[in-house]
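Only one structure is covered here, and it is reproduced in the block below.
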Amino acid sequence: MIVSEIDSDLKNRIHLSVVTVVYNGAPFLEETILSVTEQTYDNIKYFIVDGGSSDGTLDIIRKYEDSLDSWISEADRGIYDAMNKAIQGATPGYLCFMNAGDVFYNASTVADVVAALNDREPQVIYGDSQVRYADGFLRMDRALAIDQLRKGMCFSHQATFVEAELLKQNLFNIDNKIGADYELFCHLHSMKAEFTRVDVCIATTSADGVSDEQRTSSIKSHWLVARKYWPGLKTDSYYLAKIFDSFIRMSLRRLLPRRWVSTLVRLKYQ
């Protein structure tokens, strides 16, 4: 669904706060800012939370300061701590985290999401995302039904709009350095929060910059969370198989030439 001309009712139907968390993200921040400020939907407030950057990040923020509703730059305890700061200061409505390097899929994305809701206002809205590789390859990552959450993140965090008041009552666990977003969504699901999937591609995210060790740590982190909410052999066997699969993929990436790995990725998703 593409909304080319937005009627007056749609322009103000829901309020959305978009937050960008950044730390030394100068090479990526401007693209993120433009993807937010160029949205055709009117009822958006935009905030940036910087962790005390020492590169050119603050110069970029100041360049677009007139397009921002607010921004801060101060030391924090990591990305989830910075996100909690944004949540605690959020106004009523929905909250979306579009962090440095992430972008909305296109200029009409927010309007498309609002139109797809058909007058519903669920507590959590989520959709598809596009994954971008360093060589320019793009693939679509389809969001899964919420009952698949036991198997890990079944949607991209950047492709979600969550009620601000719900987040204020359920902040990110900053002690979970890798999977606090997954832990939060599992917790909300256990609370019977209303999740609604919309057939809209919401965000474009990068597939690069994550090491093999980080991927394995992420799987282990998700496993610990999943065991809390879905204990039993079914969950354990699933994550053991996932770790084994990750080990095989790591081995192949280290053995094969980089161009072969890129070709295999393209063949997998075509």
Side-chain angles (χ1 to χ4, degrees), residues 15-37 44-104 153 156-188 203-222 224-225:
H15 171 74
L16 176 66
S17 294
V18 179
V19 176
T20 294
V21 170
V22 59
Y23 177 68
N24 288 341
F28 321 106
L29 180 59
E30 187 167 32
E31 183 185 18
T32 301
I33 291 174
L34 291 173
S35 85
V36 178
T37 58
I44 298 176
K45 288 188 176 181
Y46 189 26
F47 307 91
I48 293 181
V49 180
D50 174 67
S53 293
S54 57
D55 64 350
T57 294
L58 295 184
D59 293 331
I60 295 173
I61 293 174
R62 292 189 180 103
K63 177 181 176 181
Y64 293 97
E65 192 168 21
D66 290 344
S67 299
L68 305 176
D69 289 275
S70 179
W71 66 275
I72 61 171
S73 179
E74 60 185 25
D76 53 52
R77 296 173 59 191
I79 186 171
Y80 295 117
D81 182 38
M83 291 163 79
N84 281 342
K85 289 181 183 180
I87 291 169
Q88 290 165 336
T91 55
Y94 288 93
L95 194 59
C96 173
F97 286 99
M98 196 63 64
N99 295 332
D102 306 320
V103 296
F104 282 112
M153 286 290 284
S156 169
H157 187 191
Q158 295 88 334
T160 63
F161 297 175
V162 185
E163 279 187 348
E165 292 304 312
L166 183 64
L167 288 174
K168 286 182 180 183
Q169 298 165 19
N170 302 276
L171 297 173
F172 291 100
N173 175 13
I174 63 174
D175 292 326
N176 186 342
K177 303 297 184 183
I178 299 176
D181 49 352
Y182 178 61
E183 182 178 359
L184 175 66
F185 287 119
C186 288
H187 176 63
L188 296 181
T204 297
T205 64
S206 174
D208 303 289
V210 180
S211 69
D212 289 333
E213 290 74 18
Q214 286 175 309
R215 288 188 181 91
T216 301
S217 295
S218 178
I219 295 171
K220 292 177 179 178
S221 173
H222 286 189
L224 289 174
V225 172

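Every heavy atom of this structure was used, including side-chain atoms; hydrogens, water molecules and symmetry mates were not.
When each of Thr57, Asp59, Leu58, Asp55 is tested with Leu29 by the rule side chain to side chain contact (heavy atoms under 4.5 Å, CB included), just one qualifies, namely Thr57.
Applying the side-chain hydrogen bond (donor to acceptor under 3.5 Å, both in side chains) test to Ser53 and every residue at least two apart in sequence or in another chain returns Asp50. The side-chain contact (heavy atoms from CB on, under 4.5 Å) search around Thr37 returns Ile33, Leu34, Tyr46, Ser67, not counting sequence neighbours. Applying the side-chain hydrogen bond (donor to acceptor under 3.5 Å, both in side chains) rule to Tyr23 yields no partners; only residues at least two apart in sequence or on another chain are considered. With sequence neighbours excluded, the residues satisfying ring pair (Phe, Tyr, Trp, His ring centres under 6.0 Å) with Phe185 are Phe155, His157. For Lys177, there are no salt bridge (charged side-chain N to carboxylate O under 4.0 Å, His left out) partners, not counting sequence neighbours. Applying the side-chain hydrogen bond (donor to acceptor under 3.5 Å, both in side chains) test to Thr205 and every residue at least two apart in sequence or in another chain returns nothing. Shown here are the side-chain contact (heavy atoms from CB on, under 4.5 Å) partners of Phe28, two or more places apart in sequence or in another chain: there are none. Partners of Lys45 under the salt bridge (charged side-chain N to carboxylate O under 4.0 Å, His left out) rule, at least two apart in sequence or in another chain, do not exist in this structure. Scored by the side-chain hydrogen bond (donor to acceptor under 3.5 Å, both in side chains) test, Asp69 finds no partners at all (sequence neighbours excluded).
For the salt bridge (charged side-chain N to carboxylate O under 4.0 Å, His left out) condition, the pairs that include at least one residue of residues 77-96, sequence neighbours left out, are Glu74-Lys85. Evaluation of the salt bridge (charged side-chain N to carboxylate O under 4.0 Å, His left out) test over residues 27-37, restricted to residues two or more places apart or in two chains, returns Glu30-Lys63, Glu31-Arg132.
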Only distances under 3.5 Å count here; give the side-chain donor-acceptor pairs of residues 87-100 to other protein atoms, sequence neighbours excluded, each with its distance to 0.1 Å.
residue	atom	partner	partner atom	Å
Thr91	OG1	His15	NE2	3.1
Tyr94	OH	Pro122	O	2.5
Asn99	OD1	Val21	N	2.9

Practice task
Please assess Val49 against Val22 for the test side-chain contact (heavy atoms from CB on, under 4.5 Å), listing each intermediate value before the final yes or no.
Solution key: CA-CA 6 Å; Val49 180; Val22 59; over 6 Å; no
Exercise for the section: Under the side-chain contact (heavy atoms from CB on, under 4.5 Å) rule, what do Leu184 and Asn173 come out as? Steps first, then yes or no, please. Expected result: CA-CA 8 Å; Leu184 175 66; Asn173 175 13; over 6 Å; no
Practice task
Any chance you could lay out the side-chain contact (heavy atoms from CB on, under 4.5 Å) test for Met83 and Ile79, step after step, and finish with the verdict?
Solution key: CA-CA 6 Å; Met83 291 163 79; Ile79 186 171; 3.7 Å; yes
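Side-chain contact check for Phe47 versus Leu68: every heavy-atom pair is 4.5 Å or farther apart. Looking at heavy atoms from C-beta onward, Arg62 lies in side-chain contact with Trp71 at the 4.5 angstrom threshold.
With no hydrogens or angles considered, a side-chain donor-acceptor pair links Ser221 and Asn176 at under 3.5 Å.
Taking 4.0 Å as the cut-off between side-chain N and carboxylate O, Glu165 and Lys168 count as a salt-bridged pair.
Between Gly101 and Thr32, the shortest heavy-atom contact is N-OG1, 2.9 Å.
Interatomic distance, Leu167 CG to Leu188 CG, rounded to the nearest 0.5 Å: 7.0 Å. Rounded to the nearest 0.5 Å, atoms CG (Asp102) and OG (Ser156) are 7.0 Å apart. For the atom pair CD of Glu183 and CD1 of Ile178, the computed distance is 12.5 Å after rounding to the nearest 0.5 Å.
At most 12 non-hydrogen atoms from other residues, nucleotides or ligands lie less than 6.0 angstrom from NZ of Lys220.
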